[in-house]
Amino acid sequence: MKTLQCHDAWEQRKLGDIFDEYSEKGHPELPALTIIQGGGTIRRDESGRSLQYDKASLANYKMVNDGDFIVHLRSFEGGLEKATALGIISPAYHTFHGEGTDSRFYYSYFRSPKFIDQDLKPHVYGIRDGRSIDIEGMKTIEIPWTNFAEQKAIGDYIDTLDTLITLHQRKEYGLKTYENRSIHYGTF
């Protein structure tokens, strides 16, 4: 695994200066996506959820590009989600694109306790499940910024860690499965 070398302290810039909000509608030919908090987006027809919606309203859904960020109905408690596919999402959501950014770098930050509990919290209003986010206020949050090469290096590092964690979890699952079978069949 490569060692990361960060040379300078990161500059802080407003979220709205790094990411542009966009709303592009009129793409009913694209697949409808469902937000999986902490898991990106998946095709609605592959979600295993029984979601009722009027297919005629799909023209009003917002297009989202792979790697762009989504402010969804539970973002006040789980942070921003990253689109993992091109598709369309509910018009109730807000979509953000960062030109010249690596979304892998920002994804961990947008889901961090610091972002959710400190940075975003002053821009959340309402009570209980009726909470909303003041999008204009959210755009004023100061977030870390560094050059694209450093963002990419950190994104690569995060991907490597995610892969190692997944491999470790699979190995652990495999050992437990073997152990359970051995106990069941008396060969342990």
Side-chain angles (χ1 to χ4, degrees), residues 6-27 30-42 44 57-159 162:
C6 300
H7 303 287
D8 299 319
W10 288 336
E11 182 181 333
Q12 299 291 303
R13 293 188 181 177
K14 291 180 180 175
L15 187 149
D17 291 342
I18 298 173
F19 293 93
D20 292 318
E21 183 177 12
Y22 69 96
S23 178
E24 187 174 330
K25 298 180 180 181
H27 294 280
L30 293 175
L33 303 175
T34 296
I35 310 309
I36 304 296
Q37 193 163 301
T41 54
I42 61 170
R44 186 174 283 178
S57 69
L58 292 178
N60 291 322
Y61 276 42
K62 295 179 180 178
M63 184 184 78
V64 66
N65 291 295
D66 186 10
D68 286 351
F69 287 98
I70 304 164
V71 178
H72 56 93
L73 300 177
R74 305 301 291 184
S75 286
F76 66 87
E77 67 182 10
L80 278 58
E81 196 52 65
K82 182 174 75 167
T84 49
L86 169 67
I88 53 175
I89 58 173
S90 167
Y93 302 155
H94 296 266
T95 50
F96 288 85
H97 174 76
E99 192 64 41
T101 63
D102 189 316
S103 59
R104 300 170 306 160
F105 171 76
Y106 283 103
Y107 185 57
S108 296
Y109 180 75
F110 286 150
R111 297 196 40 76
S112 71
K114 181 197 179 309
F115 180 76
I116 297 164
D117 298 334
Q118 293 175 23
D119 300 340
L120 188 60
K121 195 171 195 169
H123 306 288
V124 174
Y125 61 93
I127 57 171
R128 296 192 187 117
D129 285 342
R131 292 186 187 174
S132 296
I133 296 173
D134 170 17
I135 298 299
E136 292 307 311
M138 185 189 83
K139 292 177 186 179
T140 67
I141 296 172
E142 298 278 329
I143 63 173
W145 183 88
T146 188
N147 64 63
F148 182 76
E150 196 165 4
Q151 289 180 32
K152 184 178 179 329
I154 293 168
D156 290 344
Y157 192 75
I158 290 169
D159 280 352
D162 284 346

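Only this structure's heavy atoms are used, side chains among them; waters, hydrogens and symmetry mates stay out. For clarity, every value in this text was computed on a predicted model and none was experimentally measured.
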- request: Could you check Phe19 against Phe110 for ring pair (Phe, Tyr, Trp, His ring centres under 6.0 Å), going step by step and ending with a plain yes or no?
  value: CA-CA 12 Å; Phe19 293 93; Phe110 286 150; 5.6 Å; yes
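- Two residues are said to be in side-chain contact when any heavy atoms from C-beta on lie closer than 4.5 Å; Glu77 and Gln37 meet this criterion.
- Residue Glu99 places its CD atom among 12 or fewer non-hydrogen atoms of other residues, nucleotides or ligands, all under 6.0 Å distant.
- For the atom pair CD1 of Ile141 and CD of Gln12, the computed distance is 11.5 Å after rounding to the nearest 0.5 Å.
- Atom CG of Asp66 sits about 6.5 Å away from atom OG1 of Thr84, to the nearest 0.5 Å.
- Contact record, Gly126 with Arg131: O-CG, 3.9 Å, taken as the closest heavy-atom pair.
- Residues Thr140 and Gly137 come closest through the heavy atom pair OG1-O, 2.5 Å.
- Considering OG1 of Thr101 and CZ of Phe148, their distance stands at 7.5 Å, rounded to 0.5 Å.
- At a threshold of 4.5 Å between non-hydrogen side-chain atoms, the residues His27 and Leu86 do not count as touching.
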For residues 112-120, tabulate all N or O donor-acceptor pairs below 3.5 Å that involve a side-chain atom, not counting sequence neighbours.
residue : atom : partner : partner atom : Å
Ser112  : OG   : Tyr109  : O            : 2.7
Ser112  : OG   : Phe115  : N            : 3.1
Lys114  : NZ   : Asp119  : OD1          : 3.0
Lys114  : NZ   : Asp119  : OD2          : 3.0
Asp119  : OD2  : Tyr109  : OH           : 2.6

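- Rounded to the nearest 0.5 angstrom, Lys82 NZ and Ile70 CD1 are separated by 11.0 Å.
- Partners of Tyr107 according to the side-chain hydrogen bond (donor to acceptor under 3.5 Å, both in side chains) rule, which considers only residues two or more places apart in sequence or in another chain, are Glu81.
- Distance check: Lys139 NZ to His94 NE2 gives 8.5 Å after rounding to the nearest 0.5 Å.
- Minimum interatomic distance between Gln151 and Trp145 (heavy atoms only, all atoms of both residues): NE2-NE1, 3.8 Å.
- At least one side-chain heavy atom of Tyr106 sits under 4.5 Å from a side-chain heavy atom of Ile18.
- For the pair Tyr157/Phe105, no side-chain contact is recorded, criterion being any heavy-atom separation below 4.5 Å from C-beta on.
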| task | Before giving the answer on side chain to side chain contact (heavy atoms under 4.5 Å, CB included), spell out for Asn65 and Tyr22 the whole-Å C-alpha distance, their side-chain angles and the decisive distance to 0.1 Å. | result | CA-CA 11 Å; Asn65 291 295; Tyr22 69 96; 3.6 Å; yes
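- Residues Thr95 and Asp68 form no side-chain contact, since every pair of their non-hydrogen atoms from C-beta on lies 4.5 Å or further apart.
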Going through the distances and angles, do Lys14 and Glu142 end up as a side chain to side chain contact (heavy atoms under 4.5 Å, CB included)?
CA-CA 4 Å; Lys14 291 180 180 175; Glu142 298 278 329; 3.5 Å; yes
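- His72 places a side-chain heavy atom less than 4.5 Å from the side chain of Ile35.
- The two atoms that bring Ser90 and Tyr61 nearest to each other are N-CD2, 3.8 Å, heavy atoms only.
- Closest heavy-atom contact between Ile143 and Leu15: CD1-CA, 3.9 Å.
- Nearest approach of Val64 to Ala83, heavy atoms of both residues: CG2-CB, 3.6 Å.
- Note: Lys62 NZ to Ile88 CD1 = 12.5 Å, rounded to the nearest 0.5 Å.
- Arg104 is listed as a side-chain neighbour of Lys152, based on a closest heavy-atom distance under 4.5 Å.
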